[in-house]
**Q** 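Sending over a structure as structure tokens; questions will come in a sec.
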Amino acid sequence: MDLMIESFPRLLNATKLTIELTLLSLFFGIFVGVFFAILRTSKNKIFYFIAYYYSYIFRGTPLLVQIFIIYFGLGQVEWIRESFLWIVLKEPYSCAILAFTLNTGAYSSEIFRSAFETINKGVLEAAEGLGLNKINTFFKIKLPIAIKQSLPAYGNEMILMLKGTSLASTVIYLILQVWQNILYQQL
């Protein structure tokens with residue numbers, strides 16, 4: 001019981017960090033997901049393949065590997081260390097947000113793409129018959145219908161992202177291990 005009482009403040013701080021990581025990555029991931037869903041439903045083959053391979057790569061690799069590549073791998077590229085990107089990529093927190101955003105964006109793009117494709121053609125023809133242009137049709141008809149149809153699947157993605165935030169601790173743990181080894185070797 002004493003351990004639980006002693007650990008409770010640390011767990012509250014960890015809960016705050018977990019919720020923060022989840023909400024930020026889901027917020028940015030929605031925009032990434034809608035963007036790539038639009039590209040994926042495009043008739044332009046180049047846009048289609050860019051969105052397809054983005055989704056294929058980020059859905060086909062484990063999230064932990066993505067975190068390691070973004071944090072440890074991108075830091076090995078010299079031109080990244082000399083650019084403005086290094087300000088963001090040298091911090092574990094921002095690398096975790098980036099990895100989670102790209103991962104949830106890939107899954108969200110597939111969720112939104114399938115929602116866009118299930119919209120009844122008659123609804124789109126009715127919008128065209130009313131004289132709505134493509135932008136108005138997208139924002140007033142397609143997007144609200146797609147959001148409504150994708151909510152159950154997106155709820156699952158939110159839960160998976162909440163559970164995936166625990167992987168960010170591995171990066172922090174590895175950094176601590178490396179620093180301990182460096183300090184131990186210097187002593």
**Q** Any heavy-atom pair between the side chains of V65 and I69 that's under 4.5 Å?
**A**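 A side-chain contact exists here, since the closest heavy-atom pair is under 4.5 Å.
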
**Q** Do M158 and T22 pass the side-chain contact (heavy atoms from CB on, under 4.5 Å) test, and can you show the C-alpha distance, the side-chain angles, and the key distance before you say yes or no?
**A** CA-CA 8 Å; M158 291 168 64; T22 303; 6.0 Å; no

**Q** Could you pull out all donor-acceptor pairs under 3.5 Å where a side-chain atom in residues 5-15 meets a protein atom, sequence neighbours excluded?
**A**
from	atom 1	to	atom 2	distance (Å)
S7	OG	L3	O	2.8
T15	OG1	L11	O	2.7

**Q** Can you tell me how far the CZ atom of R81 sits from the CD atom of E78, to the nearest 0.5 Å?
**A**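 Here the rounded value is 5.5 Å.
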
**Q** Can a donor-acceptor pair be found, under 3.5 Å and without considering hydrogens, that links the side chain of Q66 to the backbone of T61?
**A** yes

**Q** Let me see the working for L39 and Y48 under side-chain contact (heavy atoms from CB on, under 4.5 Å), right down to the final yes or no.
**A** CA-CA 6 Å; L39 290 182; Y48 173 84; over 6 Å; no

**Q** Can you tell if the side chain of F72 reaches within under 4.5 Å of the side chain of I67, non-hydrogen atoms only?
**A** no

**Q** From the options I70, N103, V88, select the one residue that forms a side chain to side chain contact (heavy atoms under 4.5 Å, CB included) with L98.
**A** I70

**Q** How many angstroms lie between CG in L89 and OG in S94, if you round to the nearest 0.5 Å?
**A**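 Here the rounded value is 6.5 Å.
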
**Q** Taking all heavy atoms of K142 and all of F116, pick out the closest pair and write down the distance.
**A**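 That closest heavy-atom pairing would be O-CE2, 4.0 Å.
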
**Q** Is there a donor-acceptor contact under 3.5 Å from the side chain of T104 to the main chain of F100?
**A**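 No.
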
**Q** Let me confirm one number: the CG-NZ distance from L21 to K16, rounded to the nearest 0.5 Å.
**A**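 Spacing of CG (L21) from NZ (K16) equals 10.5 Å.
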
**Q** Linking I/L/V/M/F/W/Y whenever any side-chain heavy atoms sit under 4.5 Å apart, do I97 and I80 land together?
**A** no

**Q** Does L24 reach the side chain of Y93, with side-chain heavy atoms less than 4.5 Å apart?
**A** yes

**Q** Distance check, rounded to the nearest 0.5 Å: Y154 atom OH versus I159 atom CD1?
**A** 12.0 Å

**Q** Mind checking the OH-CZ spacing from Y53 to F36? Nearest 0.5 Å is all I need.
**A** 14.5 Å

**Q** In the single-linkage hydrophobic clustering (I, L, V, M, F, W, Y; side-chain heavy atoms under 4.5 Å), do V32 and F138 co-cluster?
**A** no

**Q** Go through it in stages, so that I can follow the logic: the residues are F31 and F35, the test is ring pair (Phe, Tyr, Trp, His ring centres under 6.0 Å), and I'd like the CA-CA distance, side-chain angles, deciding distance and then a yes or no.
**A** CA-CA 6 Å; F31 294 111; F35 175 74; over 10 Å; no

**Q** Look up atom CD1 in I19 and atom CG in L162, then write down how far apart they are to the nearest 0.5 Å.
**A**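 Answer rounded to 0.5 Å: 7.5 Å.
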
**Q** Output, in order, the C-alpha distance, side-chain angles, deciding distance and verdict of side-chain contact (heavy atoms from CB on, under 4.5 Å) for Y54 and L102.
**A** CA-CA 9 Å; Y54 162 76; L102 292 173; 4.1 Å; yes

**Q** Any donor-acceptor pair under 3.5 Å linking the side chain of S150 with the backbone of I147?
**A** yes

**Q** Shared ILVMFWY cluster between F27 and L63, side chains joined below 4.5 angstrom?
**A**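 Yes, it is one cluster - the side chains of F27 and L63 are joined through contacts under 4.5 Å.
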
**Q** Would E117 and R113 pass as an ion pair if we require N to O under 4.0 Å?
**A** yes

**Q** Indicate yes or no for a side-chain donor-acceptor contact from N133 to the backbone of N136 under 3.5 Å, with no hydrogens or angles considered.
**A**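 Flag set: sc N133 to bb N136 pair under 3.5 Å.
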
**Q** Test of understanding: clusters of I, L, V, M, F, W, Y form through side-chain heavy atoms closer than 4.5 Å, transitively. Do Y107 and Y52 belong to the same one?
**A**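 No: no chain of side-chain contacts under 4.5 Å links Y107 to Y52.
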
**Q** If two hydrophobic side chains count as joined below 4.5 Å and joins carry through other members, does I135 share a cluster with I141?
**A** yes

**Q** Show your working on side-chain contact (heavy atoms from CB on, under 4.5 Å) between E157 and S108 and close with a plain yes or no.
**A** CA-CA 7 Å; E157 176 58 25; S108 300; 4.2 Å; yes

**Q** Please report the closest heavy-atom contact between A106 and R59, naming both atoms and the distance.
**A** O-CD, 3.7 Å

